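Structure, as structure tokens:
This one's a predicted model, so the numbers in the text were calculated from it and none came from an experiment.
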Amino acid sequence: MFSCGQVHLNCSLPFCHAPNVTSFRSPVNADGGSALRVYALRLGPGEELFSSLLSFVEERKLRAPFIITCVGSVTKATLRLANATAENTNEVIRLQERFEIVSLVGTLNKDAHLHICLSDKDGKTVGGHVLGDLEVFTTAEVVIGEAAELQFSREMDARTGFPELVIQRRHDEAV
């Protein structure tokens, strides 16, 4: 069961039947599942975390990658805050101090969608949508998963005004 976010909840149909929904795509459900491949990497001081992750994914031609876990620290971060909209995407903060990475989550396909939570020297947290400029302070230890039988892409969603995740089965079953 999933929620289409429209008129009703727990829609179990393969395509949403709610009125006025024209761009809804059916998610791949868990019935078939997908094998998991796991990759691990460590980045050192001064490396840029976001672009390094995108390069890692591109070099290995991963098609449905996501963050499993990440610990480490950064000295800079550029984040878009939660109150941004498609019309007003300038709700951005640029941080420049030492932070622990408390959480990093999201998908890493070509148009990656990552959220991060950072903790400052007093333990206060800040988080948001990663835009880049995540400069590693001491280390970033990242574990990346790939759903081996799936493929992630993004398509503009008229309901949100943002490119949203599209999940599809891979057509080349030799994975």
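Here the closest non-hydrogen pair linking Ala148 and Ser34 is N-OG, 3.2 Å. A pairwise comparison of heavy atoms in Leu54 and Ala112 identifies CD2-CB, 3.6 Å as the closest pair.
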inquiry  = Using side-chain hydrogen bond (donor to acceptor under 3.5 Å, both in side chains), reason through Glu59 and Ser55 one step at a time and then give a plain yes or no.
reply    = CA-CA 6 Å; Glu59 288 167 9; Ser55 293; 5.0 Å; no
ask   = Going through the checks in order, is the side chain to side chain contact (heavy atoms under 4.5 Å, CB included) test met by Ile101 and Phe137?
value = CA-CA 10 Å; Ile101 300 169; Phe137 174 49; over 6 Å; no
task = For the pair Val74 and Phe99, evaluate side chain to side chain contact (heavy atoms under 4.5 Å, CB included) and give the outcome as yes or no after the intermediate values.
result = CA-CA 5 Å; Val74 295; Phe99 291 95; 4.0 Å; yes
inquiry  = Between Leu165 and Phe152, is the side chain to side chain contact (heavy atoms under 4.5 Å, CB included) condition met? List the steps.
reply    = CA-CA 7 Å; Leu165 183 66; Phe152 294 163; 3.8 Å; yes
query = So Ser51 and Glu48, side-chain hydrogen bond (donor to acceptor under 3.5 Å, both in side chains) or not? Walk me through it.
reply = CA-CA 6 Å; Ser51 62; Glu48 203 286 316; 2.7 Å; yes
ask   = Could you walk me through whether Val105 and Ile67 pass the side chain to side chain contact (heavy atoms under 4.5 Å, CB included) check?
value = CA-CA 5 Å; Val105 296; Ile67 299 291; 5.5 Å; no
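Judged by distance alone, with hydrogens and angles left aside, the side-chain atoms of Glu149 form a donor-acceptor pair with the main-chain N or O of Ala35 at under 3.5 Å.
Using a 4.5 Å heavy-atom threshold, the side chains of Arg169 and Leu150 count as touching. Residues Ile144 and Leu53 have side chains in contact (heavy-atom distance under 4.5 Å, counting atoms from C-beta outward). A heavy-atom distance below 4.5 Å is found between the side chains of Val130 and Leu104. Considering only heavy atoms from C-beta on, Arg42 comes within 4.5 Å of Thr139 through its side chain. Considering only heavy atoms from C-beta on, Leu134 comes within 4.5 Å of Ile116 through its side chain. Contact of the Leu79 side chain with the Val92 side chain is not registered, since no non-hydrogen atoms from C-beta on lie closer than 4.5 Å. Looking only at side-chain heavy atoms (C-beta outward), His113 and His129 come within less than 4.5 Å of each other. Contact check for Leu49 versus Val142: side-chain heavy atoms found under the 4.5 Å cut-off.
Counting only N and O atoms by type, the side chains of Ser73 and Arg98 include no donor and acceptor under 3.5 Å apart.
Here the CG atom belonging to Leu62 is positioned 12.0 Å from the CD atom belonging to Gln151, to the nearest 0.5 angstrom.
With sequence neighbours left out, Glu135 forms a salt bridge (charged side-chain N to carboxylate O under 4.0 Å, His left out) with Lys76.
Dense packing is recorded around CZ of Arg154, with more than 12 heavy atoms of other residues, nucleotides or ligands lying under 6.0 Å away. Enclosure of atom CD in Glu47 by more than 12 non-hydrogen atoms of other residues, nucleotides or ligands within 6.0 angstrom is indicated.
Using a 4.0 Å cut-off between a side-chain N of Lys or Arg and a carboxylate O of Asp or Glu, Arg170 and Glu146 qualify as a salt bridge.
The aromatic rings of Phe56 and Tyr39 sit perpendicular to each other, their planes meeting at more than 60°, with 30° as the lower class boundary.
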